[in-house]
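Taking it in order: structure first as structure tokens, then the write-up.
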Amino acid sequence: EEQTECVVEALFSDLLGDDEKPMRLARDPPTQFDPVVVASRLRRMGDQCNMDFERVSSEALVEVLKGKMEKFGAAVDSLSRCWSDQNPELVYERAFLCVSVKLLIHVAKKVPTVVRPSHLIEVINGNSQVRNYIEACGGWVRM
């Protein structure tokens with residue numbers, strides 16, 4: 001969960017063109033974990049999502065596109081299930097990460113004042129299936 005925060009902060013720094021490197025948590029042991037590298041991988045995963053959010057029919061998505069970020073998690077979950085159902089080779093958890101990043105970037109361009117790192121952090125950390133998937137892969141380092 002702490003690494004997720006670091007990764008998302010790095011992703012936001014990249015999206016906003018911020019040159020400052022995200023701070024690594026003091027209690028983190030020195031490892032191969034570099035949130036900037038992982039954030040770059042996560043952004044590339046988001047780039048794999050080819051959904052046209054403006055054309056998808058979903059109540060939660062409509063609300064998110066209007067800037068109501070409390071529906072962000074529901075929209076990501078719904079879109080991820082739909083996308084992974086249409087692409088059997090794509091596991092739900094990977095679809096979830098791709099869609100969450102792509103949707104966050106889309107909303108940040110459309111309604112930048114409503115998007116916060118906490119939206120993505122809460123969605124990822126709040127989904128035990130996705131958390132377990134990240135851990136099973138060997139953590140963010142191996143994603």
Checking [X] side chain against [Y] main chain: does a donor-acceptor pair fall under 3.5 Å?
X      : Y      : answer
Asn87  : Leu90  : no
Ser80  : Val76  : yes
Arg131 : Asn125 : yes
Arg41  : Val141 : yes
Asn132 : Ser128 : yes

Could you report the tightest heavy-atom contact between [X] and [Y], atom names first, then the distance?
X      : Y      : answer
Leu65  : His106 : CD2-CD2, 3.5 Å
Ala95  : Trp83  : CB-CE3, 3.8 Å
His119 : Leu104 : CB-CD1, 4.4 Å
Ala10  : Pro35  : CB-O, 3.5 Å
Gly73  : Val123 : CA-CG2, 3.7 Å
Val99  : Phe53  : O-CZ, 4.4 Å

Requested in this report: Tell me, with the steps shown, if Leu11 and Arg43 meet side-chain contact (heavy atoms from CB on, under 4.5 Å).
Outcome: CA-CA 7 Å; Leu11 179 65; Arg43 187 166 186 180; 3.9 Å; yes
[X] with [Y]: basic N within carboxylate O range, under 4.0 Å:
X     : Y      : value
Glu54 : Lys110 : yes
Glu63 : Lys71  : no
Asp77 : Arg81  : yes

May I ask you to test the [X]-[Y] pair for a side-chain heavy-atom distance under 4.5 Å?
X      : Y      : value
Leu97  : Tyr92  : no
Ile105 : Lys102 : no
Leu61  : Leu103 : yes
Leu120 : Ser100 : yes

Query raised in the report: Do Arg94's NZ or CZ and the ring of Tyr133 fall within the cation-pi criteria of under 6.0 Å and 45°?
Result: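 Not satisfied by the 6.0 Å and 45° rule.
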Query raised in the report: So does Gln129 have more than 12 non-hydrogen atoms from other groups sitting under 6.0 Å from CD?
Result: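 Buried by this count: over 12 neighbours within 6.0 Å.
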Report task. Evaluate the side-chain contact (heavy atoms from CB on, under 4.5 Å) criterion for residues Phe96 and Val91: first the C-alpha distance (whole Å), next the side-chain angles of each, then the deciding distance (0.1 Å), finally the verdict. Result -> CA-CA 9 Å; Phe96 186 94; Val91 296; over 6 Å; no
Straight-line distance of [X] [atom1] to [Y] [atom2], nearest 0.5 Å:
X      : Y      : atom1 : atom2 : result
Glu122 : Glu1   : CD    : CD    : 11.0 Å
Cys98  : Met51  : SG    : CE    : 10.0 Å
Ile134 : Trp140 : CD1   : CH2   : 3.5 Å
Phe72  : Ser118 : CZ    : OG    : 10.5 Å
Leu79  : Ser84  : CG    : OG    : 11.0 Å

Query - Worked verdict on Val7 versus Ile121 for side-chain contact (heavy atoms from CB on, under 4.5 Å) - result: CA-CA 9 Å; Val7 169; Ile121 293 166; over 6 Å; no
